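What you see is a predicted model, and the numbers here were worked out from it, not measured in a lab. Note that ligands are numbered from 1 as they come in the structure, with each ligand's atoms numbered from 1 the same way.
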Amino acid sequence: MTSAYAIEVEALTKTFGTLKAVDGLSFTVEYGSVVGFIGPNGAGKTTTMRSLVGHVRPDAGRVHVAGRPYRDLADPLGTVGAVLETGAVHPGRSGRNHLRILARQAGIPRRRVEEVIDGVGLGQAAGRRVGGYSLGMRQRLALAAALLGDPAILMLDEPANGLDPEGIRWLREFLRGLAAQGRGVLVSSHGLPELALMIDEAVVVGHGQLITQQPLADLRKLGGGPTVQISVPEPDRLAALLREQGHQVLECAGPIVTVAGDDARSVGRVAFDHGIGVHRLLVEEPSLEEAYFRLTTGKDSIR
Ligand SMILES: Nc1ncnc2c1ncn2[C@@H]1O[C@H](COP(=O)(O)OP(=O)(O)OP(=O)(O)O)[C@@H](O)[C@H]1O
């Protein structure tokens, strides 16, 4: 490997007319990790990914894959595989034929086609016309194409879009597997929760600028700490009693009292000791959705 980083974006800026699609953006992706590239629609994710594979010429900044600009790579297909759109496949061709044509054009041996078909679990569908493929199968086919050159770096633009829960689960396992083999993976999405179980780190962007790059575990904490939610017929009375006992009551809304921390047992005990019937008692873990919302509120950028 020629560089410590699979992907390195430094002070990238790209303007279309008067619109700054990407504005001084910097982040990195390490080998052996899956990084989520997350932001609202129009935040500049696709433009950044297209810059990384030379489809877009940056106005300023540095976009390196495996330590170099894409155009300077000796073996581009063997270095980085990108799934930036999934539409451009001849509908009358079978998935296998589509992959064979790509392989022939790139001087990749035919047997590799069967390997990638197996790798993405296209199975029987490989022999069928692409026109009849579901969105999930199209995604697998696009991934297979990106993997033809056995690249150490993968870039996927919104791969979770339109996938059912089964498809998302498959994608998660698949990307985790690629990272476990030491590959660096960048995967974009407009929501954080969708990627929660797939990624090690998140690069969050808004208006073409970096909001934060953090490990997933740290982002979770931004959603606030855990809370105990207790539903009772006398919420105001219970809230007062809890405060007397030193609990921090965060909210009293309808029948539900929300208490900071995760000590459901002692919250329940206060209700029990004072003869207050408990309808429901649960611990809410800090939510990624909340963290993402806090980070991006006011930064929606459909431009
Ligand atoms: N070729 C282009 N010409 C003009 N404007 C463009 C071009 N490509 C992108 N843009 C604009 O740049 C901004 C950033 O777009 P980009 O597609 O990079 O964002 P994104 O984060 O990928 O959003 P989405 O999730 O909607 O794809 C948008 O306002 C978009 O309309």
Side-chain angles (χ1 to χ4, degrees), residues 6-29 34-65 69-71 80-89 135-136 138-139 142-143 145-146 153-164 167-168 171-172 175 184-196 198-199 201-214 216 219 288-289 291-303:
I7 292 173
E8 208 175 350
V9 172
E10 205 182 300
L12 173 66
T13 295
K14 178 67 190 177
T15 306
F16 295 109
T18 54
L19 179 90
K20 259 195 180 168
V22 185
D23 186 4
L25 180 64
S26 303
F27 67 89
T28 52
V29 176
V34 183
V35 173
F37 191 24
I38 299 158
N41 290 122
K45 306 177 297 291
T46 303
T47 303
T48 302
M49 287 179 147
R50 295 184 69 218
S51 307
L52 279 160
V53 290
H55 295 175
V56 160
R57 184 196 289 265
D59 298 334
R62 209 162 58 126
V63 278
H64 279 185
V65 284
Y70 185 81
R71 65 173 183 280
V80 53
V83 182
L84 299 186
E85 61 208 47
T86 53
V89 180
L135 183 59
R138 279 171 196 270
Q139 300 270 33
L143 260 175
I153 302 167
L154 260 295
M155 233 181 324
L156 317 173
D157 198 8
E158 305 266 0
N161 253 6
L163 290 188
D164 56 18
I168 301 242
L171 183 67
R172 180 207 314 161
L175 297 187
V185 183
L186 181 67
V187 50
S188 80
S189 173
H190 45 256
L192 181 55
E194 292 90 304
L195 298 190
M198 288 182 206
I199 61 174
E201 237 185 310
V203 170
V204 183
V205 288
H207 286 308
Q209 296 177 336
L210 182 72
I211 297 173
T212 187
Q213 172 164 14
Q214 288 192 45
L216 195 66
L219 270 180
L288 270 181
E289 203 165 337
Y292 180 63
F293 185 71
R294 287 186 192 182
L295 282 167
T296 55
T297 296
K299 298 194 173 77
D300 258 7
S301 53
I302 299 169
R303 295 178 286 179

Do the non-hydrogen side-chain atoms of V203 and I211 ever get within less than 4.5 Å of each other? no
Please indicate whether any nitrogen or oxygen in A43 is less than 3.5 Å from any nitrogen or oxygen in ligand 1. yes
Between atom OG1 of T47 and atom CG of L52, what is the distance when rounded to the nearest 0.5 Å? 11.0 Å
Consider every N or O of F16 and every N or O of ligand 1, then say whether any pair is closer than 3.5 Å. no
Without hydrogens or angle criteria, can the side chains of E201 and Q214 be said to hold a donor-acceptor pair below 3.5 Å? no
Is T48 close to ligand 1, meaning an N/O of one under 3.5 Å from an N/O of the other? no
Only heavy atoms of E158, strictly under 4.0 Å: list the atoms of ligand 1 that pass. 25 (O)
Check contact between G44 and ligand 1, using heavy atoms of the residue and a distance below 4.0 angstrom. yes
What do you reckon, does R50 have a nitrogen or oxygen under 3.5 Å from a nitrogen or oxygen of ligand 1? no
At less than 4.0 angstrom from any non-hydrogen atom of A21, what atoms of ligand 1 do you find? 12 (O), 13 (C), 14 (C)
Have a look at ligand 1 and work out which part of L19, if any, has a heavy atom under 4.0 Å from it: side chain, backbone, both or neither. side chain
Closer than 3.5 angstrom, by distance alone: can the side chain of K14 be matched with the main-chain N or O of V56 as a donor-acceptor pair? no
Need the ligand 1 atom indices (1-based, order shown) with element for anything under 4.0 Å from a heavy-atom of T46. 17 (O), 18 (O), 20 (P), 22 (O), 27 (O)
Minimal non-hydrogen separation, Q209 against D23, with atom names: NE2-OD2, 2.8 Å
Below 3.5 Å, N or O to N or O, backbone or side chain included: is there any such pair between T47 and ligand 1? yes
In the structure I gave you, are the side-chain heavy atoms of L12 and T48 within less than 4.5 Å of one another anywhere? yes
Between D157 and T46, is there a side-chain donor-acceptor contact under 3.5 Å, judged purely by atom types and distance? yes
